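This report refers to the structure that appears directly beneath it.
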Amino acid sequence: MKSWGRMLWALLSGPGRKGGIQSWAFSSWPPHSPLAGLVSATQLVSHWTTVFEERGIPEARESSEYIVAHVLGAKTFQSLRPALWTQPLTPQQLQCIQELSSLRLQRMPVQYILGEWDFQGLNLKMVPPVFIPRPETEELIDWVLEEEAQRPCTAGAQDGPVILEVGCGSGAIALSLLSRLPRSQVIAVDKEDAAICLTQENAQRLQLQDRIRIVPLDVTLEKSWTHLLPWGPMDLVISNPPYVFHQDMEQLAPEICRYEDLAALDGGKEGMDVITHILALAPQLLKDFGSVFLEVDPRHPELVSSWLRSRPDLHLYLVAVRKDFCGRPRFLHIRRSGPQCGCPVDT
């Protein structure tokens, strides 16, 4: 499933109109096709792969496999029992596959079509227009878990870390950390009502609602951090914020520009607008030597380092930069120190 997360998918708002893509999809089978008699899952995957390729749909085979598998009650085509690959489908199953495939022809992301997606081993509900978590972010979580495992345990301490996530979206980051750190507590904030509702629903689905506080909050507003003081001080702040350079927004795929929640992508002139707000609020909330973990654009490590040097009053320093699976500098670890600390950057 990770290959899907690497793409910035976008949602087309509604079903096809009469005579449009949906009508074309339903009539796309050749004369005397198996639709008139018996058709197997393997035949359907081949058929819709061809249709998707002809219409320029990315990841054509994966799209058809996920849709067919979903209708047959599996997450992936490969996980289906082999007998189901060649077993004739019912008319109801054929109809459902056609309807879902017609949505894919409209560039609806598979995550939205299926209504769910796996992230860090958790099955999360996906609802448009809430941002779909990408596989790079799984690497950010892995890094946080590595660092947390190395943190010295205080004698007699019973509680895990208190974590703030800025921009919770579907709850992917917050809930992944809660599931892997059994004694942790998370405060998850987002300015969008749809994200707040989806994170709440996913927390309940995973029975993690008792250890998460979900707060509607826009961190770019003045003194927004004061609303978070009742839950502090915090051990960690983590975020996958909007970080696309504004001038790069127009270079995104047309369906993204048209249907993606641009506020979840656009980071301003240098992609730093929300990042700097997070860093400015962090010292107000973090414990001494608490950490900030960020997912950023590959151009940001130097920009963030320079910005931090210009703000010594924040007592934050860049500890390390980590590359993603494509070899791009993508993740930052920033730490709060005492006022006398000046530490070098380790990349």
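Note that the coordinates shown come from a computational prediction; the quantities given were computed from them, not determined experimentally. Residues: numbered from 1 along the sequence shown.
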Exercise for the section: Give the intermediate values and the outcome of salt bridge (charged side-chain N to carboxylate O under 4.0 Å, His left out) for residues E302 and R309. Expected result: CA-CA 11 Å; E302 181 57 39; R309 288 195 298 269; 3.6 Å; yes
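- Atoms CG and CG, on D190 and D218 in that order, are 9.0 Å from each other to the nearest 0.5 Å.
- Note that CG of L208 and OG1 of T199 are 12.0 Å apart. Values are rounded to the nearest 0.5 Å.
- Partners of R205 according to the salt bridge (Lys or Arg N to Asp or Glu O under 4.0 Å) rule, which considers only residues two or more places apart in sequence or in another chain, do not exist here.
- Between F331 and H300, a ring centre-to-centre spacing not shorter than 6.0 Å is recorded.
- Residues satisfying the ring-ring contact (aromatic ring centres under 6.0 Å, His included) test with F293, not counting sequence neighbours, are W143, H333.
- Here the straight-line distance linking atom OG1 of T220 with atom NZ of K191 works out to 6.0 Å at 0.5 Å rounding.
- Atom CG of L206 and atom OG of S176 lie 8.5 Å apart (nearest 0.5 Å).
- E138 has its side chain within reach of Q120: a pair of non-hydrogen atoms, C-beta onward, lies under 4.5 Å apart.
- Note that CZ of R336 is 4.5 Å distant from CG of D288, once rounded to the nearest 0.5 Å.
- Aromatic ring centres of Y66 and W117 lie closer together than 6.0 Å.
- Inter-residue side-chain proximity for L281 and L164 is flagged as met; some heavy-atom pair is nearer than 4.5 Å.
- Using a 4.5 Å heavy-atom threshold, the side chains of T76 and E65 count as separate.
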Practice task
Show your reasoning for whether salt bridge (charged side-chain N to carboxylate O under 4.0 Å, His left out) applies to R299 and D248.
Solution key: CA-CA 13 Å; R299 293 166 286 184; D248 295 340; 2.6 Å; yes
